Amino acid sequence: QVQLVESGGGLVQPGGSLRLSCAASGRTFSLYNMGWFRQPPGQEREFVAIITGNAGNTVYADSVKGRFTISRDNAKNTVYLQMNSLKPEDTAVYYCAARRFGVPSPYANDYWGQGTQVTVSS
């Protein structure tokens, strides 16, 4: 069993930055592919970024490419999402997810965090 706990959300002005963290329990964190997803108000959950286990390969949604960076520290069992140049359309609940076999996707993962709210507004 893996538990995921997100932190770091909040209110930020357009153009600002936030760093989200997702702390995982368990001793096999490095074996999991990790992903960040978000659900804007009234919309479906969508993919933001993923990072593979030991290799640390990354993929980003076009909407965040060049502004967001996903990273992981396997020694700390933590995955991060650095968000720069934030826009009002980035407002959403952000979730981290873990998947042992396969690429994390918006609705098919082994474990989910509880979500953290990010609001971009002046």
Side-chain angles (χ1 to χ4, degrees):
Q1 188 78 4
V2 174
Q3 290 186 320
L4 304 174
V5 179
E6 299 105 333
S7 61
L11 173 64
V12 63
Q13 292 187 342
S17 298
L18 281 175
R19 188 175 83 154
L20 305 183
S21 299
C22 174
S25 65
R27 295 175 290 178
T28 58
F29 175 74
S30 64
L31 299 180
Y32 283 83
N33 301 315
M34 302 296 296
W36 285 97
F37 301 86
R38 66 187 183 186
Q39 188 162 15
Q43 298 183 40
E44 296 290 316
R45 190 175 300 172
E46 62 186 30
F47 159 73
V48 176
I50 60 172
I51 186 166
T52 60
N54 286 314
N57 297 316
T58 58
V59 180
Y60 296 91
D62 288 343
S63 59
V64 307
K65 201 173 295 183
R67 301 188 297 122
F68 291 11
T69 302
I70 188 171
S71 62
R72 66 190 297 160
D73 185 336
N74 288 336
K76 295 182 178 180
N77 279 16
T78 302
V79 62
Y80 304 97
L81 186 68
Q82 177 67 45
M83 305 186 294
N84 298 327
S85 302
L86 282 161
K87 306 175 181 179
E89 52 263 42
D90 294 318
T91 295
V93 179
Y94 283 70
Y95 299 89
C96 71
R99 191 171 185 182
R100 176 68 178 90
F101 299 105
V103 176
S105 67
Y107 291 98
N109 296 303
D110 299 329
Y111 304 101
W112 286 96
Q114 82 287 354
T116 185
Q117 176 70 46
V118 171
T119 302
V120 184
S121 175
S122 55

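Please read all numbers here as calculations on a predicted model, not as lab measurements.
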Members besides V93 in its Ile/Leu/Val/Met/Phe/Trp/Tyr cluster (side-chain heavy atoms under 4.5 Å): F37, F47, I50, V59, Y95, V103, W112
Smallest separation among heavy atoms of N33 and G102, with atom names: ND2-O, 2.9 Å
Inter-residue atom distance R19.CZ - S71.OG, 0.5 Å rounding: 7.0 Å
Where G26 and N77 come nearest, the two heavy atoms and their spacing: O-ND2, 2.7 Å
Side chain proximity check, Q117 to T91, heavy atoms < 4.5 angstrom: yes
Pair listing, salt bridge (Lys or Arg N to Asp or Glu O under 4.0 Å) test, anchored in residues 37-52, at least two apart: R38-E46, R38-D90
N/O donor-acceptor pair under 3.5 Å between N74 side chain and F29 backbone: no
Closest approach of I70 to W36 (non-hydrogen atoms, all atoms of both residues): CD1-CD1, 3.5 Å
Check: L20 main-chain N/O paired with E6 side-chain donor or acceptor under 3.5 Å: no
Nearest-0.5 Å distance, CG of residue L4 to OG1 of residue T78: 10.5 Å
Side chain to side chain contact (heavy atoms under 4.5 Å, CB included) between F68 and L86, intermediate numbers included: CA-CA 9 Å; F68 291 11; L86 282 161; 3.8 Å; yes
Atom pair CG (L18) and CG (L11), whose distance is rounded to the nearest 0.5 Å: 9.0 Å
Rounded distance (nearest 0.5 Å) linking atom OG1 of T69 with atom CE of M83: 11.0 Å
Spatial distance of atom OH (Y111) from atom OH (Y32) [nearest 0.5 Å]: 4.5 Å
Reported CG-to-OG1 distance for the pair L81 and T116, which is rounded to 0.5 angstrom: 11.0 Å
Shortest non-hydrogen contact from S121 toward P14: C-CD, 3.6 Å
S105 (side chain) donor-acceptor with A108 (main chain) under 3.5 angstrom: yes
Joint cluster assignment, V64 & Y80, ILVMFWY side-chain distance < 4.5 Å: no
Of all pairs that satisfy salt bridge (Lys or Arg N to Asp or Glu O under 4.0 Å), the ones with a partner from residues 91-117, not counting sequence neighbours: none
Heavy-atom closest pair, residues R67 and S85: NH1-O, 3.0 Å
R72 (side chain) donor-acceptor with T52 (main chain) under 3.5 angstrom: yes
Residues N84 and S17: side-chain donor-acceptor under 3.5 angstrom: yes
